[in-house]
Structures are given as structure tokens and as C-alpha cells.
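Report on one structure; see the data block that follows.
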2 protein chains.
Amino acid sequence: MQMTTDHLSSTFAALADPTRRAILARLATGEAPVTELAKPFDMSMPAISKHLKVLERAGLIARSREAQWRPCRIEAGRLKEVADWVEEYRRFWEQSLDRLDEYLKELKHKEKNHGRKQRKP
Amino acid sequence: MQMTTDHLSSTFAALADPTRRAILARLATGEAPVTELAKPFDMSMPAISKHLKVLERAGLIARSREAQWRPCRIEAGRLKEVADWVEEYRRFWEQSLDRLDEYLKELKHKEKNHGRKQRKP
DNA sequence: GGTATATTTAACCCAGCGGTTATTTAACCG
DNA sequence: CGGTTAAATAACCGCTGGGTTAAATATACC
């Protein structure tokens with residue numbers, strides 16, 4: 001089976017824009033043509049068109065053709081690559097939460113004794 | 001509890017660079033000072049320094065001070081935000097895999113009958 | 001203080017991004 | 001055919017990003 005080629009840079013770059021993430025969020029509710037995707041944004045059509053091209057080149061969406069409309073839909077593969085990538089770091093945030101948990105317990109314990117406020121050194 | 005402020009744009013932007021992802025990968029094995037982080041790369045120190053600043057401003061790493069060294073470590077919070085974000089789309093790739101599964105079954109079934117190769121239209 | 005090491009800052013360069021307006025292409029409708 | 005709608009392309013603009021080299025800063029060591 002083929003090693004997932006490294007698309008991560010273009011994927012992350014595509015996801016780094018709030019307009020594009022909003023478009024993806026909209027597409028999560030179903031296919032939509034360009035004009036409909038454009039509606040929520042105070043932005044010219046060419047701008048939207050460019051965003052869609054970025055998403056398409058990143059492999060995050062696919063476009064088909066229906067008469068004069070170009071319905072877009074989410075393409076899942078690259079999103080999974082992101083999920084797989086970030087999964088490698090899961091232990092870090094779980095470990096942090098563990099530490100937070102410990103800290104809270106410790107804090108609670110100390111509170112019983114006295115609530116002295118800490119000062120700057 | 002506070003809604004996770006939207007750091008996603010800066011986080012994704014920071015992750016869109018392979019050098020920075022490599023630095024994170026290195027830091028996943030433990031803290032390291034700048035010069036050590038720089039070693040694998042054919043790149044000037046200021047370039048690395050800039051990458052670290054991007055990661056820091058994105059909240060992906062934290063830097064402390066030990067004598068003239070500035071050891072860096074991974075900061076997990078933003079990575080979790082990425083994981084949470086992408087999790088919202090999980091159904092898409094799982095659904096795709098379901099469809100792939102169906103397709104493979106169907107293909108296997110057809111193979112039994114005849115293996116005609118498809119031609120360009 | 002003087003020097004060596006680690007790291008950051010400054011100043012600069014060029015490519016690419018995100019937006020614009022104006023124009024062009026494609027498809028439907030009558 | 002002509003007119004309308006949907007979408008993409010072209011050409012342009014200002015800003016940022018990622019790199020460089022050279023200089024500045026911070027800290028240890030003698």
C-alpha cells in the first residue's frame with residue numbers, strides 16, 4: 001500500500017484561512033454550487049473562486065459539473081491525513097490534562113490548610 | 001468554561017511549513033535548545049529562529065531560559081484544538097472508506113465474471 | 001573586563017497570497 | 001440568434017512569509 005504522499009503543507013495552508021474553513025463547514029452539510037457558497041461572505045465572486053481553487057488543489061474538495069453550476073463537495077482523504085498527523089501528538093495534550101488534574105488536586109488539598117496568595121519573587 | 005478562542009488560522013499557518021512540522025516532531029522526543037533543533041536543516045540560524053517564533057506565537061511551543069540556551073518544548077493545547085476541529089469531519093472519511101469497501105466488494109464480484117479493461121472514452 | 005557561545009534582531013529580497021475590477025467562457029432559455 | 005446567469009480568468013495591488021547576511025544581545029568562563 002502506498003505511503004501517504006506528503007500533502008500536509010498544502011493542506012494546512014489551505015486550512016489556515018477562515019473563509020476556506022467556513023466553506024468546508026458549509027460543505028459538511030451537503031454539496032453546494034459556488035454562488036451559494038459565496039452568499040455568507042462579503043467578498044467578490046473571484047475571491048471565492050480562488051478560495052475554491054486552493055481547496056481543490058489541496059484535495060480538500062472536488063468539483064463536478066451540472067449545467068452552468070459547479071457543485072462542490074468535501075473530499076475526505078486529506079482531512080484524514082490531518083487527523084492521522086495530529087494523532088501522533090495526542091499523548092501531549094492528554095499528559096497535560098493529567099498534569100492539570102494533579103495540579104487541581106494539589107491545589108484543593110492546600111486550600112484546606114490556608115489560602116495564602118502567592119507573591120511575585 | 002471558556003470557548004476555545006479561534007486560534008485555528010495561526011495554528012494551521014504555522015503547521016503549513018515542513019521545517020516547522022519537523023521541529024515539532026523533534027520536540028516530540030523531548031525538549032531541545034535552538035542549535036540542536038537547527039542541526040538537521042541546511043538553513044541559517046536566523047531562519048530557524050523565525051520558525052520558532054512562528055511556532056511560539058501560534059502557541060505550539062514554549063521557550064524557557066537556561067543560561068544562554070533557550071530550550072523549547074511542545075505546548076499541547078493548540079494541537080488539541082486541531083484534533084477537535086478535524087474530528088468534526090471524521091464521518092466523511094469513514095463514510096468514504098465504507099464506500100470504498102462496498103466498491104471493492106462489488107469489484108471482486110464482477111471479477112468473477114470477466115476482467116475487461118476499461119478504455120478511455 | 002574580554003572572549004566564546006547561543007540566540008535574536010535588523011535590513012533586505014523576492015515569491016506568493018488574498019483581495020479587487022474588468023473581461024471571458026459556458027450553459028440555459030425563449 | 002440574443003439575453004441571462006454561473007463561474008473562471010486576467011491583470012493588478014499591497015502585504016506577509018521564508019530566506020539571506022550582518023550586527024546586536026545575553027550569558028558563561030577565565
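Numbered from 1 within each chain, the chains take letters A, B, ... in sequence-line order.
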**Listed nucleotide nearest any side-chain atom of A:K50, set C:dT8, D:dC12, D:dA8** = D:dC12
**Asked** Please give, in whole Å, the distance from D:dG17 P to B:L52 CG?
**Response** 16 Å
**Message:** By nearest atom, which of the nucleotides C:dT9, C:dG18, C:dT20 is closest to the A:M43 side chain?
**Reply:** C:dT20
**Message:** Checking contacts here: which listed nucleotide (D:dG18, C:dG18, C:dT8) is nearest the side-chain heavy atoms of A:D17?
**Reply:** C:dG18
**Asked** Toward the 5' end of DNA chain C, which comes first, B:E36 or A:A16, by nearest nucleotide?
**Response** B:E36
**Complete:** Per atom distances to the B:T35 side chain, the nearest of D:dT27, D:dG18, C:dT7 is C:dT7
**Prompt:** Do B:L27 and B:L79 belong to the same hydrophobic cluster, where Ile, Leu, Val, Met, Phe, Trp and Tyr are linked whenever their side-chain heavy atoms lie under 4.5 Å apart, directly or via other members?
**Reply:** yes
**Under-4.0 Å side-chain N/O to phosphate OP1/OP2 contact, A:S44 with C:dT20** = yes
**Request:** May I ask you to test the B:E75-B:L55 pair for a side-chain heavy-atom distance under 4.5 Å?
**Result:** no
**Request:** With heavy atoms under 4.0 Å as the rule, sort B:A67 into base, sugar-phosphate or nothing.
**Result:** sugar-phosphate
**Message:** Closest approach to the side chain of B:P46, judged atom by atom: which nucleotide of D:dG19, D:dA8, D:dT20 is it?
**Reply:** D:dT20
**Complete:** Of D:dA7, C:dT20, D:dG18, the nucleotide closest to the side chain of A:W69 is D:dA7
**Request:** Calculate the interatomic distance between B:E31 atom CD and C:dA6 atom C1'; express it in whole Å.
**Result:** 16 Å
**Spacing between B:M45 atom CE and D:dT25 atom P, to the nearest angstrom** = 18 Å
**Asked** Does A:D42 or A:E66 map to a spot on DNA chain C nearer the 5' end, using the closest nucleotide for each?
**Response** A:D42
**Item:** Note, B:W85 side chain near A:L24 side chain (heavy atom, < 4.5 Å)
**Value:** yes
**Message:** Using whole Å, what does the distance between atom P of nucleotide C:dG18 and atom CZ of A:F41 come to?
**Reply:** 14 Å
**Request:** Indicate yes or no: does A:K50 engage A:D17 in a salt bridge with an N to O separation below 4.0 Å.
**Result:** no
**Presence of salt bridge, B:E87 and B:R90, under 4.0 angstrom** = yes
**Asked** Starting at CZ of B:R65 and ending at C1' of C:dA6, how long is that distance when rounded to a whole Å?
**Response** 9 Å
**Message:** Which nucleotide wins on minimum distance to the side chain of B:R70, given the candidates D:dA10, D:dA7, C:dT7?
**Reply:** C:dT7
**Asked** How long is the line joining NZ of A:K53 and P of C:dG16, in whole Å?
**Response** 15 Å
**Request:** Would you kindly say whether B:S9 and A:R21 are connected by a side-chain donor-acceptor distance under 3.5 Å?
**Result:** yes
**Asked** In whole angstroms, how far is the P atom of D:dA8 from the CD atom of A:E56?
**Response** 8 Å
**Interatomic distance, B:I23 CD1 vs D:dG18 P [rounded to whole Å]** = 11 Å
**Asked** Does OP1 or OP2 of D:dA7 have a side-chain N or O of A:S49 closer than 4.0 Å?
**Response** no
**Message:** It should be established whether B:R63 places a side-chain nitrogen or oxygen under 4.0 Å from OP1 or OP2 of nucleotide C:dT7.
**Reply:** no
**Message:** Please pick, from D:dA8, C:dG18, D:dG19, the nucleotide with the shortest atom-to-atom distance to any side-chain atom of A:V34.
**Reply:** D:dA8
